[in-house]
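Report on the following structure.
Atoms within a ligand are numbered from 1 in the order they appear, just like the ligands themselves.
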Amino acid sequence: MSSDDIPNTPSRPARRGFLKAGAALGASLGAASGLAKAAEAKHHAMATDPMLAVEPFYGEHQGGIVTPQQAHTYVAAFDLTTTSRDDVINLLRKWTESAAQMTQGRPAASLDGTGDDHPAPDSGDVLGLGPAGLTVTFGFGPGLFTSQEKDRYGLASKRPAALVDLPRFNGDQLIAQKTGGDLFVQACASDAQVAFHAVRQLARQGYGILNMRWGQAGFLSGPRGQTPRNLMGFKDGTNNPPTTDPKAMNQFVWATATDAPWMQGGTYTVVRRIRITLEHWDQMELGFQEQVFGRRKYSGAPIGQKKEFDNVDLDAQDKDGNPLIPENSHVRLSNRASNDGAQILRRSYSYNDSTNFYIERWPPWRQETEYDAGLIFIAHQGDPRTGFIPINERLAKFDMMNQFTTHVGSAIFACPPGAKPGSFIGAELFNA
Ligand code: HEM
């Protein structure tokens, strides 16, 4: 174990925001003392039970972008099969209404009056579970605007310049079935079933209009108030721009002022499915693992520093004049100082998709079962041309971590601003 110690006390404010409704409820029930006690108990439950947390759906921005990261996600991308613009608009209307309902802990659509002879509009598998801090985030892929050079929905001229096709990066091993997509849905919640349920209800509403292209469950838990660790055992998210600072979010995360009016308040989201060879990583010495990242494993501090949130000092040297944070370390290569000041907001999740059996009939003749696990890397930014793309170009070429990671899936989406009550996600794009 390195000299730095594992800190036990939360170093940041609690990650989760809990519903003010708890407070409101407590206040309104305060008259009689019996009622007050009941209210207090309920308020306490709402303030501490993550299953009762509620995140707002409507607003200037969509939820799930700067929302404190919930422990679970289900992300999915869809290919549109319809040729009708109205179908797409109607679907987005339905999606907006259902997502708003589900984030409040209600079924995707009212179950009242569902006859025995009809499929119910909600699968029912999370009835009574609570909202669990659910957020649902929608995005539009390049294929919504132009597909095989066809302007399917009259939107080609509205494709934002920042919604570029991602270039091929060094070492990319992309699997077509895990790459791309015309529409994106990200559901995040403190419960895995609640997150999956949300995407499943929305997917079924698109029957006959779209096909699911890929879906992926993810998880990431940390002690409350602390940065969670990814499967490599390192704290992940430490040096993100602060989500509580609107100025930083405007500078790095929300679409730029010169972007299309319908994208104001939105962001561009890059998703990469990155497989990690955990078996290989687990054989590496602790000191080497720390060199790979440029940070201490247990404390999360940059090498040469003491605490997790200490400054990443790229100029720091050892007594022989060698850089303390290695030239090819992940943190040096991705730091803003190495990328013309570029910053992105990472909100990634680990994934674990069971195992694969490999058999190789050439040296070194191996037969083994390996985890199919890694990171669903999710990054939000105002413009991928100055955010993810240049940073990943540098990482793909030089990052020491590449010995352990392979990018197997990739997608980019324009996530529009939040919907206004009564309207729907992307309404301004469709002028509807
Ligand atoms: C399996 C893949 C990856 C893992 C396990 C990983 C893990 C980490 C860890 C542990 C840190 C240090 C703590 C922190 O500041 O959050 C970090 C920092 C960072 N990573 Fe990654 N990362 C991965 C892929 C990527 C990719 C693909 C990009 C972008 C193209 C990226 C961009 C960054 C940035 C910008 C930082 C902050 C660096 C700084 O300013 O100090 N990472 N990552």
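- Contact atoms of ligand 1 toward Met232: 5 (C) (distance under 4.0 Å to a heavy atom of the residue).
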Test ring pair (Phe, Tyr, Trp, His ring centres under 6.0 Å) applied to Phe293 and Phe234, step by step: CA-CA 9 Å; Phe293 280 104; Phe234 280 75; 4.4 Å; yes
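- In this structure, Phe388 and Phe169 have perpendicular ring planes: the angle between them is above 60°, well past the 30° mark.
- Among all protein heavy atoms, the one lying closest to atom 14 (C) of ligand 1 is Thr238 N, 3.3 Å.
- Remark: Arg366 is positioned above the aromatic ring of Tyr358, its terminal NZ or CZ atom under 6.0 angstrom from the ring centre and at most 45 degrees off the axis.
- The protein heavy atom nearest to atom 13 (C) of ligand 1 is Lys235 O, 3.3 Å.
- Note on ligand 1: Gly374 sits outside its first shell, no heavy atom being nearer than 4.0 Å.
- For ligand 1 and Asn335, the ligand atoms under 4.0 Å from any heavy atom of the residue are 39 (C), 40 (O), 41 (O).
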If you look only at distance, which donor and acceptor atoms sit under 3.5 Å apart when one is on a side chain in residues 213-220 and the other is two or more places apart or in another chain?
unit_1 : atom_1 : unit_2 : atom_2 : d
Arg213 : NE     : Thr179 : O      : 2.5
Arg213 : NH1    : Asp79  : OD2    : 2.9
Arg213 : NH2    : Ala176 : O      : 3.0
Arg213 : NH2    : Thr179 : O      : 3.3
Trp214 : NE1    : Gly180 : O      : 2.8
Gln216 : OE1    : Arg273 : NE     : 3.0
Gln216 : OE1    : Arg273 : NH2    : 3.1
Gln216 : NE2    : Asp353 : OD1    : 3.2
Gln216 : NE2    : Asp353 : OD2    : 3.3

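- Every atom of ligand 1 is numbered from 1 in the order shown, and the set under 4.0 Å from a heavy atom of Phe234 is 10 (C).
- Side-chain atoms of Thr267 come within 3.5 Å of backbone N or O of Val253 as a donor-acceptor pair.
- The pair Asp236-Arg346 counts as a salt bridge, with a side-chain nitrogen and a carboxylate oxygen less than 4.0 angstrom apart.
- Of the candidates Asn239, Ile325, Ile376, Asn339, the one placing a heavy atom closest to atom 39 (C) of ligand 1 is Asn239.
- Short contacts between ligand 1 and Leu375, defined as distances under 4.0 Å to a heavy atom of the residue, involve ligand atoms 1 (C), 2 (C), 3 (C), 4 (C).
- Atom CG of Asn322 has more than 12 neighbouring heavy atoms from other residues, nucleotides or ligands inside a 6.0 Å radius.
- Protein N/O/S atoms closer than 2.8 Å to atom 21 (Fe) of ligand 1, listed by chain and residue number, are His330 NE2.
- Distances below 4.0 Å separate heavy atoms of Arg295 from the following atoms of ligand 1: 12 (C), 13 (C).
- Here the CD1 atom belonging to Ile344 is positioned 8.0 Å from the CG atom belonging to Asn240, to the nearest 0.5 angstrom.
- The environment of CZ in Arg361 is sparse: at most 12 heavy-atom neighbours from other residues, nucleotides or ligands sit within 6.0 Å.
- Within the listing of ligand 1, atoms 1 (C) sit less than 4.0 angstrom from a heavy atom of Thr405.
- The number of heavy atoms from other shown groups lying within 6.0 Å of OH (Tyr371) does not exceed 12.
- Atoms of ligand 1 lying under 4.0 Å from at least one heavy atom of Phe388, given by number and element, are 30 (C).
- In Asn230, the part holding a heavy atom less than 4.0 Å from any atom of ligand 1 is the side chain.
- If you check which protein heavy atom lies closest to atom 16 (O) of ligand 1, you get Gly237 N, 2.5 Å.
- Each of the atoms 27 (C), 30 (C) of ligand 1 lies under 4.0 Å from some heavy atom of Asn392.
- Under the salt bridge (charged side-chain N to carboxylate O under 4.0 Å, His left out) rule, Arg159 has a single partner from Asp259, Asp151, Asp165, which is Asp165.
- For the side-chain hydrogen bond (donor to acceptor under 3.5 Å, both in side chains) with Thr135, the lone residue among Gln186, Gln70, Glu55 that qualifies is Gln70.
- The residues Lys297 and Glu290 are annotated as not salt-bridged, no charged nitrogen and carboxylate oxygen being separated by less than 4.0 angstrom.
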